[in-house]
Each structure stands twice: as C-alpha cells, then as structure tokens.
Amino acid sequence: MIPKYKPQDIESKWQARWEADHLYEVSETSDRPKWYALTMFPYTSGDLHMGHWYAMAPSDVHARFKRMQGYNVLHPIGFDAFGLPAENAAIRRGIHPYTWTIQNVENMRPQLRSMGAMYDWSREVITCLPDYYRWTQWFFLKFHEAGLAYRANAAANWCPNCQTVLANEQVVGEGQCERCDTMVSRRDLEQWFFRITKYADELLEYAGVEWPERVKLMQRNWIGKSVGVEISFGIDGYGPGEGEIRVFTTRPDTVFGVTFLVLAPENPLVAKLTTAEHEKEVQDYVAKARSRTEIERLSTEKEKTGVFIGAYAVNKLSGEKVPIWIADYVLQTYGTGAVMGVPAHDQRDFEFAHDFGIPIKVVIAPEGWSGEEFEEAYVEPGTMVNSGQFNGPHSDQGKEAIADFMEANGLGGRTTSYRLRDWLISRQRYWGAPIPIIYCPDCGIVPVPETDLPVLLPEDAEFRPTGESPLTYHESFVNTTCPKCGGPARRETDTMDTFMCSNWYFFRYTSPGYDKGPFDPEKLAYWMPVDQYTGGAEHATMHLFYARFFNKAIRDLNLVSFDEPFTRLFNQGTIVSEHQKMSKSRGNVVNPDEYVTRLGADTVRGYLMFIGPWEQGGGWDDSGINGISRWLNRAWNLALAEATTGGQQRVDPEAENQLRRQIHKTVKKVAEDIEKFRFNTMLAALMEYTNYLTKVKERGEVGEALWGQAIDTLLLLLAPSAPHLAEELWEKNGRPYSIHNQPFPTWDEALVEEESINLVIQVNGKLRDRVAVPATISEATARELALSNKRVRAHLDGKEIKKVIYVPGRLVNIVVG
RNA sequence: GCCGAAGUGGCGGAAUAGGCAGACGCGGCAGUCUCAAAAACUGUUGGGGGGCAACUCCCGUGCCGGUUCGACUCCGGCCUUCGGCACCA
C-alpha cells in the first residue's frame, strides 16, 4: 500500500531538518567553484504575497540547480526596510515605523521559510538597523570626500495645506495631495546630489556582462547621450559680454532656420529678460508650468502652450532677430534649459510655430523641392538652402561646416548632452538613513567623522507632517557640536533615498557581521561579482542603474576591483492582479499561505513556474493550480510503485532502448530549460516524462535496474522545483540523504538524437502528408518518396512541377504551377 | 506622450538561424469505479463542410499590406494590453 502524498506532513519536517543540518550555509573554504545567486530582496511592506513568491521561487530553483551542478552556491536573503510605506503606516495607525517594519520582518520570515528555498539565513541583512545603515552613511562620507556628493537647489512636491513635502506617489489625480486633496505646488529646497553623470559614458558600456538587450537599451535611453553643438545667441539690447542664451542642438545645420527661441519656465534668464508689459502673463504661466508633472509637460499629444516674454534674441550667424518665448515642454534639467525653434525641420517646433503664428523658414531642401510650403516638418537630411555662406552642400556636411565655423569664431562648440541627471538623494523624511553632515556657522559643511558613525535615527522623533523634515524638530538630534571647531552646530535633517540602501546590500551578504568596514575585503573578493541576479522587470532603469553607478564609484575609491556588480541578469515579469502590479498599496495582493496550507509549497512553486514564461509575468488566476497538484501526486505514486516487471514479465529490449532515450532527452531538456529560466517548458517536459513512465509501468516491459534509474532521474530532475517531495521520495526509496547534495544528471548526446523522423511532404507549402523515415534518409530517397506519395499525387494531377525544395531531416515541398 | 515588452483554441500557454500551428496543463464532454456524489483513472476536445466508414477538404496565430516555394516567426503601417518615466520600492 502506497502512503498518500501529504505535503503538510513532509514540508515543515524537511525545512526543519535542512536548517538544523545547516545544509544551505556556505563558506569561502569550499573547493567547488563559487556561484553567487542573488534575488532582489523584498521590501518590508507587509505580508509576503504571490508577487514575492513569483520572484523568489523560480530563482531558488535556478540556485538549487547550480548547487546540484557542483557549485558552491551563496543564495542569501534580507530585507529592504527603510522608506515611505513604513512612515505612512506610522502616520495612519499610530505605530512607530520601526515597530511596523520589524513586525513585517517577523511575519515575512516564516512565510519565506515555508517556501522551502535554500536561503543561507545566517547572512540575513536588514537595511534599517544601525549596524547596516552605519555603512550606508560611511559610503556617503566616502562619496563626499571624493567630490561625488554636492548640494544644490531642487524642487520638491509641496502640499501647502499639510505643510509637507510629498513623494510623487502621494500626488494623485490632477496633482492633488493624497491626504487633503489640496493642489500640490513645487518648492525649491537645498538638497544633496550624487554626481552620477560623471559615469554616464561608462554606464553605457556593459563590459563582460550578460544582460538582456532590452534592459541595456532602456538604460541607454535613460542616459540619453546625444552629441551636438551648444550655440550662443545674443540678446537684443545687450552688448557682447553682457548676456547670451546658450542652446543645445543636434542640428546645427538648421541654425539659419531659427525663427524663435524657447526658454524653460524655470530658466533664470526669464526674470531678467521679461519686459514689463508681459510680466503678469509670464508669471502666471511659470506658476502653472511648475504645477505640472514632467510627463504632462513632455506629452506631444496635448496642445502646445507658451507665452512671448517681450524680448528678442540675435542669431549671431544670420544676424536675424527672433522672439523669445517660454514653454513648458522645455525642461531646465536637460541641455541648457533653452532650445532654438526651427519649425521647418522639427515637428514640435512646427506645431508651436503654427499655433502661435511664427514664421517657418526652410533651410534644408528635400530632393526636388521647388519652394512650396511644408505640410509638416521635414526632419530628414537634404541640401543646405537659405543659409548664407553655407548654401549648397548636403546637410551632413553643412552640419560639420557650421560647427567648425562656430568653434573658430567663438559662437559655440561641439558638446555632448545627456538626458541623465545627477541623482537627488535627499528625502525630507524620517524613515531613512540620516545624512551624516553637520552645518557649522563658522566651518560650514562638515562631514561627521567616521568614528562617530552611525548617526543614529532618534526613536522619539515627530514623524507626522509638520512642514519640515521630521528630524528638524528633534532638538537633541539637531543640536550638536562641530567636529572641527567644537562650537555649536546643526545636523543635516534629511535622510537618504532608500535606493542608496539597496545599492550595496549584496556586498554586505558576503560578510554580514563584519564591523571594520562595510564588508570583509577577502570574503567580498571570493563571492563578488554576483553571478546571477534576478528580480522584477520594473527595476530595469532605477535600482539596476544606481547599483551599477555605486559599484563604479566605489571601484574608483579602491574598495572593489571589478567594474560591474552583476555578471548575469534576468528580469522576470510582473504578476498582476486586477490588471495591476500586485502591491500592498494597491490592495490587490494574493496571499500564498492558504495555497501552501491546502496544496503545499511544492505545488505553489510549480504552479508559479508553469503559468507562463517567467520573463513575461501574467495575471494571477488559480484555476490551473490543481493540475500541478495532481501531477506531483502522480509522480509520488509512480516513484513508490513496485518495480514494473517483478521478475516475471518479459523485458523488451526495444522498450528499454526507448526509455533510455526518453531519460536522456528529458535530462537535456530540463537542464537547458532551467539554465535559461524557461521553467514552464521544463515542467511540461517533466510532465511528459511522468506520463511516459506511467505507460511504461502499465506495459511492464522494462527491467528493475532501468526502472530504478528512471525513477532516480525523475526525483533528481524534480529536486530543484519540488525540493520537499523529491527529498521525501529519495529517502523512502532508500537513497542517501540529501538529494540536494546529489549531482544533477547528465545526458549522452548520442542517446538524445532521434532515430527516425517524420518527413513532412508539402505541395505549394501546404501540408499533404507525413511519412516516418530513418533520420539518415538521403535527399534522393526523400524526393522520390514525396513524388510517389499517394496523397501528393492527388494534388499534382496534371500540373507542371516547377521545383522541389528539400530541407534535410524536415520536409519536401513540391512547387507546381 | 516618451522608453521597453507582449498579443496564438473557452482559459494559461507551446512551436521562431522562416519549414507539421495548438506540446504541457486548466476547463468542457463521454466513460470506469460508486447506492450516490466527490476524488482518482481512461478516452476525447481550434472552427466549419463532406462521407455509412477507414477518411477527406476549406478556414485559422490582434488588424491592414509586403517579401518568400513556404510567415505565429522577417519588413512597413496601425490597434490593444502590461512595466518604467527620476520622491513607491
């Protein structure tokens, strides 16, 4: 009698055993090659939900596979714990952010354990604890020392009613505060930046890494490198040296076509140049523009808006006077905060000029153009016209000629512009790592000495909205003494962006208890860089980009020796529920616990892998989960069944031969699919294998030895995906503990190749018949077979055969006229 | 809007150096077991037409067009959905 498969009885048992045996704890002394398998650590926003499982279960399968392949695998876990949700929870529920966060960690730990992942829990990292953020602050000091950190003015969302700074997420609807519905405005604050733009060019390279092209492309577009020319325009009424407007353009060849200039509403020149009669209108427009989001401002869909400020610029090449406007589609943060308007050769300028009655001047002629008006901007290259001394050549040469001329005459020069801007890390919030800076009335900006770290986040701060950073009102925190002169001084009250915490958690995993630095250099040298990083596709630009910058910055501080932190990257898709990403804040989370209780973790792991390609994500729908449950049940019964022949029935050598091929084919498919994260087809192959074994058992044509080998292979192939079930069956079948210390099966390529194939026969590309033939069939035989085929002949019927196409091992296509 | 992906049966999906569309699973239908039901197991299942029948023909991968002996796959143009857009993480 075969015992029933009850995941509830076996899963917690094995989890406890593995942990007691320290099975998944790793050290640097192994003689196996190292493999660092990293999954993006979860944010402590509440309970673990299906979205977390979707990220973590398949990556655990991959890590387990690598372990069985013979690697010394580090697969750590930790918690991203600082940030806005904890502060919101604190305000809403009146609990301290620390309490709320740690409660969530306590809830998530057993949930994570219930997944049966091979995490090395001895290396857990929590970013909101002082022994961690001490080093986050230390890195800030190093960046400051190296000139990578600086202060500048930057706008923040400001709710005039709540008197507080709002995150973008807290601005809802048409730009209202999520708490009180008041229209949000922008407020300039002195804030800290990291000079990420210094690394813009290096960040465009991906030396020695295997990343998906689409992620690299997104990051390259995020950097937005564009090579062009900065051109100086004079200002009417101002003498040389008294004022100029610099614009950035990639099209210097069109400079004679400039009929207006547009400044960003925030451009400091606006106040200086606006004439008295336009002042009211300009001020109103600037105020309106500042309340709009960048996404709204840059939309090419909406109607163009802008106002004339009353002043004129002078085109130094043509000597022409053109009006100066302001418009919200020009951003102060990109280029020079000013653009030249060439309506004939830029579609956005064309529409702007059309709407406001500005002339359109053609300077690049399309082929065959004879002076007619344009219906839309002509953005392609062409012949230079209406451009004074530069008339005649192709615009590609004109571009260079004009750039040369400008450089020679001091009117501008070649330059490179980036869409990327420096990273604003200041947050006017409580729940983050305090920025370790002191402001002294005498000495100015003074970094906190390393020996005084960590700058502890005070527990008793007022974190409800007040109008200032919460720490500002904490007197004993703010008031301190200057480390330089010993006089009274004030602390920086802003905290750091949580992306700074997540920039280096994977370094910390290599030596989590280390207290002489952020990490033990020797252990770091052993484990880093990360061999395989997996995480949500939504992190393609921000986290993954900041972490690369961080790595390069600390490399230049001689803290690490490698250029890229993550050698291989895989971004899984998003699991959606109610048409949106699953998240606590959206209230659409699905709790995995009830499924684990009812069907077992192995089933949930399998189902999440089976619903589709991991990189695509998909909607949560549990209607198919029983299929996985049933399959694991079948595998269970099969593995514990009596050997098929029992020594009585006759062993059929052909059946054994076929089974042997099936084993090797399945091993190959499973190994290759796990390697490439194609978990859905990996499981499909295992199901087919299970179905095949069921038939083999019914027929009873194979001997005990081979059958035992077939079942062992099944369990070993299942081990990464269903670790508890595989371990239990391995033990029940008398194999030595643990299955997770066994090598992954290998395959013999000769046994994978098919002996016979189905030759497809087509007429004019349409399938007419399939014939089983030996894989070694010759072309002549295949053609002959096709032409003499009964079904084919019916379709040839008197028609002329034009040609016959033969694809070896696949098909014959007969083309008739 | 911009950047990046994806659209295939009733459903999730499989198949791309261009070569059998629908693997595997869910659901449905029929059957076995049962007093009965559930569970489990077996068979069947893209749509339409013809044939008593073994069988056979036509249509079919978001939409429109193109390249090719042959297109889910390549090219051009749309539509829809999802992720990101710098203070959610």
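Hydrogens, waters and symmetry mates play no part in the numbers below; they use all other heavy atoms, side chains included. In what follows, chains are A, B, ... by sequence order, proteins preceding strands, each numbered from 1.
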What about the rings of Trp192(A) and Phe140(A), do their centers lie closer together than 6.0 Å? yes

Classify the nucleic acid contact of Arg429(A) as base, sugar-phosphate or nothing, counting any heavy atom under 4.0 Å across all strands shown. base

Pairing partner of G7(B) (Watson-Crick or G-U wobble, both distances under 3.5 Å): C79(B)

Partner nucleotide of C33(B) by Watson-Crick or wobble geometry (both distances under 3.5 Å): none

Of the nucleotides A5(B), C88(B), C59(B), which has the atom closest to the Lys766(A) side chain? C59(B)

Could you tell me how far apart Leu599(A) (CG) and G25(B) (C1') are, to the nearest whole angstrom? 15 Å

Contact class for Leu424(A) vs. all strands (heavy atom < 4.0 Å): base, sugar-phosphate, or nothing? base

For U73(B), the Watson-Crick or wobble partner whose two distances fall under 3.5 Å: none

Are a donor atom and an acceptor atom from the side chains of Asn104(A) and Asp47(A) found within less than 3.5 Å of each other? no

From the candidates G13(B), C3(B), G43(B), the one with an atom nearest any side-chain atom of Lys695(A) is G43(B)

Identify whether any heavy atom of Pro613(A) sits under 4.0 Å from a base atom; if not, whether one sits that close to sugar-phosphate; answer base, sugar-phosphate or nothing. sugar-phosphate

Side-chain heavy atoms of Tyr533(A) within contact of Leu544(A), under 4.5 Å: yes

Modelled atom types, side-chain donor and acceptor of Arg548(A) and Tyr206(A), under 3.5 Å: yes

Measure the CH2-CG distance between Trp423(A) and Asn503(A) for me, rounded to the nearest 0.5 Å. 4.5 Å

Over all strands shown, is Arg768(A) touching base, sugar-phosphate only, or nothing at heavy-atom distances under 4.0 angstrom? sugar-phosphate

From the set C55(B), A14(B), C88(B), return the single nucleotide nearest to any side-chain atom of Leu84(A). C88(B)

When we call it a touch if two heavy atoms are under 4.0 Å apart, what does Leu683(A) touch: a base, just sugar-phosphate, or nothing? nothing

Write down the distance between CD (Gln616(A)) and P (G7(B)), rounded to a whole number of angstrom. 6 Å

Proximity to the side chain of Arg419(A) - top-ranked nucleotide from C3(B), A86(B), C88(B): A86(B)

Could you check whether the side chain of Glu698(A) and the base of C41(B) have a donor-acceptor pair of N or O atoms closer than 3.5 Å, going by distance alone? no

note: Asn88(A), atom CG; A89(B), atom C1'; distance rounded to Å ~ 13 Å

Rounded to the nearest angstrom, tell me the gap between atom CZ in Arg630(A) and atom C1' in C24(B). 13 Å

Candidate nucleotides G12(B), C41(B), G4(B), ranked by approach to the side chain of Asn221(A) - the nearest: G4(B)

Ile628(A) CD1 to G13(B) P, straight-line distance once rounded to whole Å: 14 Å

Candidates C69(B), C20(B), C58(B) - which lies nearest the side chain of Asn813(A): C69(B)

Pick base, sugar-phosphate or nothing for Trp222(A), based on heavy-atom distances below 4.0 Å to the nucleic acid. base

Assign Thr333(A) to base, sugar-phosphate, or nothing according to its heavy-atom contacts below 4.0 angstrom with the strands shown. nothing

Given C26(B), U56(B), G13(B), identify the nucleotide with an atom nearest to the side chain of Arg791(A). U56(B)

Could you check whether the rings of Tyr505(A) and His543(A) sit parallel, tilted or perpendicular, using 30° and 60° as the cut-offs? tilted

Is G9(B) in the syn or the anti form, by the rule that syn lies within 90° of 0? syn

Give one of base, sugar-phosphate or nothing for Asn633(A), where a contact means two heavy atoms less than 4.0 Å apart. nothing

Asn758(A) has its side chain closest, among C41(B), C87(B), C20(B), to C20(B)

Measure the distance from CG on Asn157(A) to C1' on C88(B) and round it to the nearest whole Å. 13 Å

Are a donor atom and an acceptor atom from the side chains of Thr681(A) and Asp673(A) found within less than 3.5 Å of each other? yes

Let's test this: given Watson-Crick or G-U wobble pairing with both distances under 3.5 Å, identify the partner of G1(B). C85(B)

So for Gln170(A) and C88(B), does any side-chain atom that can act as donor or acceptor lie under 3.5 Å from a complementary atom in the base? no

Regarding Lys802(A), tell me which of base, sugar-phosphate or nothing describes its non-hydrogen contacts under 4.0 Å with the strands shown. nothing

Only pairs with both distances under 3.5 Å count, Watson-Crick or wobble alike; so what is the partner of A53(B) in this structure? none

Please classify the nucleic acid contact of Leu217(A) as base, sugar-phosphate, or nothing, using heavy-atom distances under 4.0 Å. sugar-phosphate

For Glu213(A), which contact category applies under a 4.0 Å heavy-atom criterion: base, sugar-phosphate, or nothing? nothing

Residue whose closest nucleotide on RNA chain B lies nearer the 5' end, Glu688(A) versus Lys803(A): Glu688(A)

Without hydrogens or angle criteria, can the side chains of Trp504(A) and Thr136(A) be said to hold a donor-acceptor pair below 3.5 Å? yes

For Met687(A), answer base if it contacts any base atom (sugar-phosphate contacts may also be present), sugar-phosphate if it contacts only those atoms, and nothing otherwise; contact means non-hydrogen atoms under 4.0 Å. sugar-phosphate

Touch check for Arg427(A), heavy atoms < 4.0 angstrom, all strands: base, sugar-phosphate only, or nothing? base

Between C85(B), G83(B), C24(B), which one does the side chain of Lys581(A) approach most closely? G83(B)

Among the nucleotides A40(B), A89(B), G83(B), which one has an atom lying closest to any side-chain atom of Val576(A)? G83(B)

When all nucleic acid strands are considered with a 4.0 Å heavy-atom cut-off, which category describes Ile805(A): base, sugar-phosphate, or nothing? base

